[in-house]
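Okay, structure first, notes after.
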Amino acid sequence: MNKFFYYNSSCAGVNTQSVFSIDPYVTAIKELLVSELKQVVFYIEKLRSFDFDMTSYTDKVIEFITVLIVNLDFTKENTFIIIEDLYNNKKMLEKMYISACEKSDTEPELFPENSGNLSSKDIILKALNDKEKDIKTNGLNLKIDKNKKYLYEIMMNIVLNACNKLIELKSFGISLESAKNSVLSFLNTTNIPSLSDNELKTIIKDFAKKNYEITKILYDTLLERFGPISKNSVEICEKEGQAILVSGSGFDELEKILSAVKGLNINVYSYQEMISAFQYEKFKQHPNFAGHYTKATNNIQSDFAEFPGPVFVTRNSMPKIDVIRGRIFTSTKYPAFGISKIENDNFEPLIKSSLETKGFLKGYTLKSIDIGYNRAEIDNGINDILAKFRNKEIDNIIIIGHTNIFSLSDEYISEFLDLNFTNDYIISFSRNKKRDNYLQVNSYLDFGILYEIVEKLIKAESDIKNHINIFLADCSYTTISHIFNFIHLEVKNIFLGSCCPNVVSPVLMEGLEEMFNVKQITTPKEDFDKTKE
């Protein structure tokens, strides 16, 4: 078999090998936002050294950072608002810092590369146009060496994901102040050019511990709020009647939508990772939660366009897409161009849109799939692995990590599982197969139980981490965060499938491989052989 390029469901393209371009204007927006954010963080950290209470500013920065997760195809008006707001905050913090230095008779250390005046729309537009021209002419040729470029890109990605989790926790009334401060301190290290590559790698690995703690708190919160988790059968279906599609990972917003349509003849469907909601007990109590929707190609752009009702994308989950305008809604603070904003949990516009569209004219069920798990079965599997590892009946543990169950990455997994395993134990989150030394877990895109399994194995037998191999066949904007969680847990090998550039940039992929020994998936046989090295 030749090198296998599977279709990645996060790509907003077709299910073939595709060429993806990066919009220079969108890239210019991102670079300008990152530049201003780094300067704001610089002055927050300086003022914190004077014992200023920076809580409100820290919260603002966390929110601003999450803007970079969503589609940056903003209206020009929103672009101006965001950049101007950041600039004004920076100037205010800079003044506060200079004043504090004067009072303490200290020489101020101002940001070395100030991006200049961004106080009006005309100046911002010119700055964006200049940056766009530079990108078109020179590409993403940053004035830093290759390794630093890798490391900064990785750091920004981890920060984005940590901030998104903190925003989600905030929606449940949980505010982790020390974690927020750690995020800003971590980001501020990108303002210190004198740090060596090894120092930055150490800083990244240290922050991975904090990121893992945030991740675990979020999963525990979801379990407490919506659990317990148990097995459930989910229909991939279309039911006659009006419909709403919910995509993303914001379970709290899904719950609010289900409450808002209670008593109405509107069916709510999950899309992509939202399917994980079906394993939680609380969501089984909503009769309007009809099933999961997807087409055979699992093309986001096509699926959103063909769905005969409005689509709601939970906060900070908007993929890079070009789709029909006006039927997509989100609660994200700064929605992309043409996306309707839901404010203050008022879902009336979403419901109105559903009632005004045709919905499904007849019912159709493609198939049913099992989702969720029995905790006792998981514990029995863990005990079986530990017993066989201690008795030297198995030497390697191979975890086939979360993949989109409808993508063509199934082809890779199917061929991988047909290989001749002898002293290996497989934990699969993607495909069931009857064989010895095999544990199937149907949590799909929910990483909580995967972390729990790895933690329990390592806690019971510390050396076992040197025998764990994790394959992440599918890729999303959270993947890099998960990779560094596994690096924190010190697992032996991490294999990563191909990612489309609009989800994980080529710079990020190269950096992971060259600096952190993350292996890119090639062919099943080659990758299996690497687990033996």
If the plane angle is over 60° it's perpendicular, under 30° parallel, otherwise tilted; pick one for [X] and [Y].
X: Phe111; Y: Phe42; answer: perpendicular
X: Tyr280; Y: Phe283; answer: perpendicular
X: Tyr269; Y: Phe307; answer: perpendicular
X: Tyr43; Y: Tyr97; answer: tilted
X: Phe50; Y: Phe52; answer: perpendicular

Restricting to non-hydrogen atoms, name the atom on Asn161 and the atom on Asn157 that form the minimum distance, rounded to 0.1 Å.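 For Asn161 versus Asn157, the nearest heavy atoms are ND2-O, 2.9 Å.
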
Locate the shortest heavy-atom distance separating Tyr293 from Tyr271; write the atom from each residue and the value.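 That would be O-CD1, 3.2 Å.
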
Keeping the roles fixed (side chain from [X], backbone from [Y]), state whether a donor-acceptor pair exists under 3.5 Å.
X: Arg315; Y: Thr330; answer: no
X: Gln242; Y: Thr357; answer: yes
X: Thr189; Y: Phe186; answer: yes
X: Lys180; Y: Ile62; answer: no

For the NZ atom on Lys148, are there more than 12 heavy atoms of other groups (residues, nucleotides or ligands in this structure) within a distance under 6.0 Å?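 Yes - once you tally the heavy atoms of other residues, nucleotides and ligands closer than 6.0 Å, there are more than 12.
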
Look at atom NZ of Lys121 and say whether more than 12 heavy atoms of other residues, nucleotides or ligands are closer to it than 6.0 Å.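 Not buried by this count: 12 neighbours or fewer within 6.0 Å.
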
If you measure from the Lys or Arg side-chain nitrogens to the Asp or Glu carboxylate oxygens, is any gap between Lys165 and Glu213 under 4.0 Å?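 Looking at Glu213 together with Lys165, the answer is no, because their closest N to O distance does not fall below 4.0 Å.
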
Are Lys352 and Glu356 within salt-bridge range, i.e. N to O under 4.0 Å?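 Counted as a salt bridge, because a side-chain N and a carboxylate O are separated by less than 4.0 Å.
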
Residues that Glu514 engages under side chain to side chain contact (heavy atoms under 4.5 Å, CB included), provided they are two or more places apart: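 In terms of side chain to side chain contact (heavy atoms under 4.5 Å, CB included), with neighbours along the sequence ignored, Glu514 is linked to Lys146, Tyr150.
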
Flag for Ser196-Glu199: side-chain donor and acceptor within less than 3.5 Å: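 Yes - a donor-acceptor pair under 3.5 Å links their side chains.
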
Test item: [X] and [Y] side chains (from C-beta on) under 4.5 Å apart, heavy atoms:
X: Phe347; Y: Phe329; answer: no
X: Thr66; Y: Leu160; answer: no
X: Ile494; Y: Lys519; answer: no

Step-by-step ring-ring contact (aromatic ring centres under 6.0 Å, His included) determination, Phe484 to Tyr212: CA-CA 8 Å; Phe484 278 91; Tyr212 185 66; over 10 Å; no

As a quick check of understanding, evaluate side-chain hydrogen bond (donor to acceptor under 3.5 Å, both in side chains) for Asn485 and Tyr451, giving each step before the final call. CA-CA 9 Å; Asn485 286 337; Tyr451 289 131; 2.9 Å; yes

With a cut-off of under 6.0 Å to the ring centre and 45° to the axis, is Lys201 in cation-pi contact with Phe516?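 Here Lys201 passes the 6.0 Å and 45° test against Phe516.
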
